[in-house]
Protein chains: 2
Amino acid sequence: MKICREQIIETALSLLDRDGLEGVTLRKVAADLHVHTGALYWHVRNKQDLIDEMANTLLSEQFSQHEEPASGQDWEDWLREVCQRLRQAMLAHREGARVVAGAGFARAIMLKRLVEAIIHNLLVAGFPSRLAFITCSTILSYVYGFVIEEQAAPGDDEANRCEGSGGSILSTAWNEHQANNYTADMDFLAGLELILEGVKQHR
Amino acid sequence: MKICREQIIETALSLLDRDGLEGVTLRKVAADLHVHTGALYWHVRNKQDLIDEMANTLLSEQFSQHEEPASGQDWEDWLREVCQRLRQAMLAHREGARVVAGAGFARAIMLKRLVEAIIHNLLVAGFPSRLAFITCSTILSYVYGFVIEEQAAPGDDEANRCEGSGGSILSTAWNEHQANNYTADMDFLAGLELILEGVKQHR
DNA sequence: ACCTGAACACCGTTCAAGT
DNA sequence: ACCTGAACACCGTTCAAGT
């Protein structure tokens, strides 16, 4: 019964999609690998370490080691595309955003690389360093917050109850939102445009 | 040994500040109240229910039931102030943002009320309904994401190690950031201005 | 080097039974 | 109505001992 680090992470991600983050258990991961629980500790320092690697693997499915704008692509198109891929990476797994949040900026190496790439490319595009920093920070916070909220959505039942009860601003606004066939993708992109517009204005 | 719902929530928030979210345990809450664990289940449906109420209480410390702009205050000043108070509410308790994230938009009633107030006041200010919706969504995602990252910061050790290792763009940019005495408050506000600028442009 | 077996100190949740 | 007492089915982590 030989086991390696990658198998553990892969199994954990399968478990994540099946049972959610709460259901990712070292004992269940071990069982899926036909191994006793203690065996995992040879390849993984602890559960936090596993979650960090889950976050990195999850992000690696959308990002390579070194992200660069395609030739002829300006900073705006590139940044927009990176944000959409970041969202896709987190959406690809159940509670993916919470996994990344659980790892955190510091421990998710892929995220740090992404930050580096963004700031680098904004500097190359001629941004003053302060603006490059703030743009990167703002846009990442936005994507992050948006997807966390998006994936926490299973409170629909209660939201629907609120819609049913007549007259609140939220309900009418939300009904209108539904009626116009706005999707989460459109909302995400619209918010992104808002921020990008602000960035361009501050140059 | 009479116990009420509010005592449980208050005790849980104390535990949160002392031991972190991981350390908030029904068994420890019960112990602090000199009660057996099972007793809590008379006042609280389950742990999730408790976390929801923690989020609401946490937000109630900064927000009243109905938020209105002060007379003569335009939408921009009001919205900026609301965002700063939302951040303060989450910063006031250890891992406060994670608690709110754990509750989620749907179950944190105070958050829903806030959404309602923001959309309402933007509509009153003459926003088209789509822009009001997107502005609210974008700004809340930003605040949310920013504070979650801000509070997950204890990865400084590893960040510092990265700074030490010379030459990466992140390290030089971050050193410059430190050298100019930029604080998290300033970064937060700068990002907020970026978004507000974009909103104004889209009118 | 890598896994087993077994223990330790915890969890959330339920529910009869008491008062 | 509200709490006790005790159980049930779990957790993460450690570590001697095996191979």
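Just so it is clear, the values below take in all heavy atoms, side chains as well, and ignore hydrogens, waters and symmetry mates. Since this is a predicted model, take the numbers as computed values, not measurements. Every chain is numbered from 1 and lettered A, B, ... according to where its sequence line falls, protein lines coming before strand lines.
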State which of D:dT13, C:dC11, C:dC2 makes the closest approach to the side chain of A:Asn46. D:dT13
Would you mind reading off the distance between B:Lys2 atom NZ and D:dC3 atom P, rounded to a whole angstrom? 7 Å
Side-chain ion pair, A:Arg94 and A:Asp19, N-O less than 4.0 Å: no
Would you mind reading off the distance between A:Arg5 atom CZ and C:dC2 atom C1', rounded to a whole angstrom? 15 Å
Write down the distance between CG (A:Leu33) and C1' (C:dC2), rounded to a whole number of angstrom. 14 Å
For B:Leu26 and A:Cys4, find the nucleotide of DNA chain C closest to each by heavy atoms; which residue's nucleotide sits nearer the 5' end? A:Cys4
Is A:Thr25 near enough to D:dC10 that one of its side-chain N or O atoms lies under 4.0 angstrom from OP1 or OP2? no
A:Asp49/A:Arg5 ion pair, N-O < 4.0 Å: yes
So if I take every side-chain heavy atom of B:Ile3 and compare against D:dC3, C:dC2, C:dG12, which nucleotide ends up nearest? D:dC3
Please figure out whether B:Arg27 or A:Arg27 has its closest DNA chain C nucleotide nearer the 5' end. A:Arg27
With a 3.5 angstrom cut-off on both distances, give the Watson-Crick or G-U wobble partner of C:dA16, or none if there isn't one. D:dT4
Residue B:Tyr41, side-chain heavy atoms: nucleotide from D:dC3, C:dT4, C:dT13 that is nearest: C:dT13
Could you tell me whether the phosphate oxygens of D:dT13, OP1 or OP2, come under 4.0 Å of any side-chain nitrogen or oxygen in A:Thr37? no
For B:Leu40 and C:dC15, what is the distance between atoms CG and P respectively, to the nearest whole Å? 17 Å
Rounded distance in Å - NZ (A:Lys28) to C1' (D:dC10): 10 Å
Pair B:Tyr142 + A:Tyr142: ring centers closer than 6.0 Å: no
Tell me the interatomic distance from A:Ile8, atom CD1, to C:dC2, atom C1', rounded to whole angstroms. 11 Å
The side chain of B:Trp42 is closest to which nucleotide in this list: D:dC2, D:dC3, C:dC3? D:dC2
Value rounded to 0.5 Å, distance of CG in B:Leu33 from CG in B:Leu40: 7.0 Å
In this structure, how many angstroms lie between the P atom of C:dG12 and the CG atom of B:Leu50, rounded? 10 Å
Below the 4.0 Å mark, does C:dC3 have OP1 or OP2 next to a side-chain nitrogen or oxygen of A:His36? no
Write down the distance separating the P atoms in C:dA9 and D:dA9, rounded off to the nearest Å. 22 Å
Quick check: on DNA chain D, is the nucleotide nearest A:Lys47 upstream (toward 5') of the one nearest B:His43, or the reverse? Name the residue that is more 5'. B:His43
Tell me whether B:Glu67 is salt-bridged to B:Arg85, with the criterion being a basic N under 4.0 Å from an acidic carboxylate O. yes
Taken to the nearest whole Å, CZ/B:Arg45 to P/C:dT13 is 11 Å
